[in-house]
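Each chain gets a letter, A, B and so on, in the order its sequence line appears, and its residues count up from 1.
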Amino acid sequence: MLKCENVHPQLSAYVDREMPLWTIRLIQWHLKRCSSCAYEAMRIRQTDKILHQLDSVKTSDNFLPDLMRRAAAITVIEREQISAIRRILRRLESSFAWLRYSFRTRMRPYAVVASLALIASVVSLTLYQPRLPLPANDALTLAQTPSEKQALLVEFEIVPINQFSKPHLSSNRRTSPFIPTDQGKEK
Amino acid sequence: MRTSDEELMMKCRNGDMSAFELLVMRYKDLITNFIYRSISDYHRAEDLAQETFLRVFRSAARYEPKCRFKNWLYLIATNLCRNEIRDRKRRNTAYLDDLIPENEDASYLELMQDVSQLPDEVYEKKERQIIIQQTIDRLPENQRLALLLVSYQNLRYDEIAEVLECSVSAVKSLIHRARQNMKTLLIEVGIGESSHAKV
Ligand SMILES: [Zn+2]
């Protein structure tokens, strides 16, 4: 005996006859005895009837000639190009099929070693980065708060240029005539 | 004897334009109707129907007769409809967004202006049709497409599954939910009897 909660979700497929004949018979048997499910099936049919009240449209008269003209403009060359690409793809596919076959039968250990080597070299190349010198304005960019930044900038304004001697600049790359350093502060 | 679509398509693959023309003749109204019901815009529907057939023509070389032509054709049309629906959503036009009722009213008024000169009976019929179409528009994309394919295009569930690229059980559930939603929405707009009038 079918239960209503099982019949309910099947009713749409029942109306569309999208189920085996024996299920249709079972549902028919249930509908004869259950007014609630019978009503639901009627509502589905009614909704479909409402949908069919929409008039269908026809394509305009110039649809076909227009389309045929556009199709004719798709040149033979384009079609040939597509088939050429297909030929290449097929050839590629067959070579890959050979590779797959070789891998499965003979070349598995070699292939594993080769792919590991390839992965290792790719990883090391990606991770390797040449060391760059630290930027000269480090102190300013490292300053956390606006007030710190402001303090640095204010200091810059009051440092007299003649306090920076040439050997100083060459001995310490971080010293810049524009940004004061700890050494600068000591002076 | 009627040449099958698949045979015509194989001829078309070899560059036979008359075979292509025959295929277009067979399906142009069906496809245009399907697209029109999906996007509610006749002129755009014609454009997309043309695009569907041009895509068929362009990819004729790739066609394999193991796939049913009709399903393949609807698959192309459905994908074009989906793109159109998504583009419109992105452009935030009135059509599908029931969150913007004032725009819906604007498009409704625009449509009604075209039919307001008609005799009462025809006017009422047209008005009803516009409301039904607007109700279809309010269904979620996949439910709408599934419902249109089963109700207007008479596709079987397994064919719809191929077109919508999902399982048959998913189609079954989509159509069930589409009909449930449609029923509720129609009652909301005053078409179809309310559930209180139970027999
Ligand atoms: Zn029941």
Using heavy-atom distances under 4.5 Å, tell me whether B/L148 contacts chain A through its side chain, its backbone, both, or neither. neither
When only pairs under 4.5 Å are counted, which of A/D66, A/L11, A/V15, A/D16 shares the most heavy-atom pairs with chain B? A/D16
Residue list, side chain to side chain contact (heavy atoms under 4.5 Å, CB included) with A/D55, at least two apart or on another chain: B/K125, B/K126, B/Q129
Measuring heavy-atom distances to chain A, does B/R177 have an atom under 4.5 Å in its side chain, in its backbone, in both, or in neither? neither
Sort by residue number and list every residue of residues 159-167 of chain B having at least one heavy atom under 4.5 Å from chain A. none
Under 4.5 Å to a heavy atom of chain A? For B/L147 that would be side chain
So which bits of residues 42-56 of chain B come within less than 4.5 Å of chain A, counting non-hydrogen atoms only? B/Y42, B/E46, B/A49, B/Q50, B/E51, B/F53, B/L54
Say you draw a straight line from CG of A/L67 to NZ of B/K28; how long is it, rounded to the nearest 0.5 Å? 10.0 Å
Who among A/I44, A/T47, A/L54, A/L64 has the most heavy-atom pairs with chain B under 4.5 Å? A/L54
Students often mix this up, so state it plainly: with edges at 30° and 60°, are the rings of A/H8 and B/H176 parallel, tilted or perpendicular? perpendicular
Could you go through B/T135 and A/I50, starting from their C-alpha distance and side-chain angles, then the distance that decides it, and tell me whether this counts as side-chain contact (heavy atoms from CB on, under 4.5 Å)? CA-CA 11 Å; B/T135 313; A/I50 294 171; over 6 Å; no
For A/Q46, is it the side chain, the backbone, both, or neither that has a heavy atom closer than 4.5 Å to a heavy atom of chain B? side chain
Tell me, please, which residues at least two apart from B/K172 pass side chain to side chain contact (heavy atoms under 4.5 Å, CB included). A/Q10, A/A13, B/Y157
Salt-bridge test for B/R179 and A/E40: reply yes if a basic N is under 4.0 Å from a carboxylate O, no otherwise. no
Please classify the contact between B/L186 and chain A as side chain, backbone, both or neither, with a heavy-atom cut-off of under 4.5 Å. side chain
Please indicate whether B/E64 has more than 12 foreign heavy atoms, meaning atoms of other residues, nucleotides or ligands, lying under 6.0 Å from its CD. yes
Minimum side-chain heavy-atom gap B/I187-A/R43 below 4.5 Å: yes
Mark yes when over 12 heavy atoms from residues, nucleotides or ligands other than A/D61 sit less than 6.0 Å from its CG; otherwise mark no. no
Max heavy-atom pair count under 4.5 Å with chain A, selected residue of B/V24, B/T32, B/D29, B/N33: B/N33
Measure the CZ-CE distance between B/F57 and A/M68 for me, rounded to the nearest 0.5 Å. 7.0 Å
Of B/R128, B/Q133, B/M182, B/M25, the largest count of non-hydrogen pairs under 4.5 angstrom with chain A goes to B/R128
A/L51 versus chain B, heavy atoms under 4.5 Å apart: side chain, backbone, both or neither? both
